[in-house]
Amino acid sequence: MSKRQRQYWNNTCENAGYSGKIYKIIRAIYNRNNHPIENANFIKNSNALISDQNTQAKLFASHYEQNPNEEFIPFDLSSDEDNYYNNSFSVDEFDNVLQKTPNTSPGRDGITANFIKNLPTSFKSTLLSIYNEIWSTGEIPSEWQIAKILPILKPGRDSTNIQSYRPISLTSVVCKIFERLILNRFINTGIHRKFHPHHAGFLPQKDCNYIHSLVHHKIIKAKNDKKYFILIKLDIASAYDSVWRDGLMYKILQLGIKGNAVK
């Protein structure tokens, strides 16, 4: 029995050739020893268990709306350079991005990607004009800045603790299409080549599998060379919420990106 278990484990490890399968194995092992905690309908607040859903919603809203302290920097976002990436979006760009946009869950406006895909041509032209107006002025509609948040309990965490939930934000699909237009423009103009060569976020052919292959190669090379491989993993709590936005803007300007792209 022990021999068969060892053989099964060895085969599993050998066949785990991509990161998605590895994560599934890790989650399966983790969840086997960590059972969900009961009292999922209660949230603790000041040593009191809250069961009313409206009160719980207000607690989550108060918890997620906390804004980090920021140091604001005055920027000159204007540009005299005639860069292609600052031009208005074309019909071909819009159609290409729209067709590749998946029909994911909509934001609080209820508008889906399929709904926009099936609009008449005249309506799509109007939407493209709105996108180009936003692109040139840098003024984002306030509705796009409001998200529908779904708190998802992290595996093995105390369901009564509000810190145990990961917020999933459902934003406007109309806004997501605009973001994809910008990303597609950056990729087509090669702006992403200004980033670090090992930067793997939101770039073509550079996902988790890319990082996994890179680390795997480094480990194998170190082993063959009879050397050590040191890996440091840094996990920042609430990293997205605590980003220093003006500092990020400064780095973008340092890369030489100006004009509409940074408004």
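The first residue of the sequence shown is numbered 1, and numbering continues consecutively from there. Everything numeric in this text was worked out from a predicted model, so none of it was measured.
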With sequence neighbours left out, write down each residue that passes salt bridge (charged side-chain N to carboxylate O under 4.0 Å, His left out) with Glu133, or none if nothing qualifies. none

Under 3.5 Å, is there a donor-acceptor pair between the side chain of [X] and the main chain of [Y]?
X      : Y      : value
Asn86  : Lys258 : yes
Asn103 : Asn114 : yes
Ser62  : Leu59  : no
Thr55  : Ser51  : no
Tyr131 : Val174 : yes
Lys148 : Ile168 : no
Tyr165 : Ser159 : yes
Asn132 : Ser88  : no
Asn188 : Asn184 : yes
Asp225 : Lys227 : no

Stepwise, does the side chain to side chain contact (heavy atoms under 4.5 Å, CB included) test hold for Gln145 with Ile140? CA-CA 8 Å; Gln145 302 177 42; Ile140 304 296; 4.0 Å; yes

Considering non-hydrogen atoms only, spot the tightest contact between [X] and [Y] and give its length.
X      : Y      : result
Asp109 : Ser172 : OD2-OG, 3.2 Å
Ser164 : Leu153 : O-CD1, 3.7 Å
Ser105 : Val173 : O-CG2, 4.3 Å
Thr171 : Ala147 : CG2-CB, 3.8 Å
Arg108 : Ile146 : NH2-CD1, 3.4 Å
Leu128 : Phe89  : CD1-O, 3.9 Å

Calculate, to the nearest 0.5 Å, the distance between atoms [atom1] and [atom2] belonging to [X] and [Y] respectively.
X      : Y      : atom1 : atom2 : result
Arg193 : Phe186 : CZ    : CZ    : 14.0 Å
Lys221 : His216 : NZ    : NE2   : 14.5 Å
Lys251 : Asp246 : NZ    : CG    : 13.0 Å
Leu181 : Glu179 : CG    : CD    : 10.5 Å

[X] atom [atom1], neighbour heavy-atom count above 12 within 6.0 Å:
X      : atom1 : answer
His199 : NE2   : yes
Gln53  : CD    : no
Lys154 : NZ    : yes
Lys124 : NZ    : yes
Lys117 : NZ    : yes

Side chain to side chain contact (heavy atoms under 4.5 Å, CB included) evaluation trace for Leu214 with His198: CA-CA 9 Å; Leu214 181 66; His198 291 162; 3.8 Å; yes

Output a table of donor-acceptor pairs, distance under 3.5 Å, between side-chain atoms of residues 92-100 and any protein atom two or more places apart or on a different chain; print 'none' if there are none.
from: Glu93; atom 1: OE1; to: Ser90; atom 2: N; distance (Å): 3.0
from: Glu93; atom 1: OE1; to: Ser90; atom 2: OG; distance (Å): 3.4
from: Glu93; atom 1: OE1; to: Arg185; atom 2: NH2; distance (Å): 2.8
from: Glu93; atom 1: OE2; to: Arg185; atom 2: NE; distance (Å): 2.8
from: Glu93; atom 1: OE2; to: Arg185; atom 2: NH2; distance (Å): 3.2

Hydrophobic cluster membership, with links at side-chain heavy-atom distances under 4.5 Å among I/L/V/M/F/W/Y: are [X] and [Y] in one?
X      : Y      : answer
Ile219 : Ile211 : yes
Leu183 : Ile252 : no
Phe123 : Ile130 : yes
Ile220 : Tyr210 : no

With the side chain counted from C-beta on, respond yes when [X] and [Y] share a heavy-atom pair under 4.5 Å apart, and no when they do not.
X      : Y      : answer
Leu170 : Pro106 : no
Phe195 : Leu255 : yes
Ile257 : Tyr85  : yes
Leu49  : Ile43  : no
Thr101 : Lys176 : no
Leu231 : Phe229 : yes

Just say parallel, tilted or perpendicular for the rings of Phe178 and Trp135, cut-offs at 30° and 60°. perpendicular

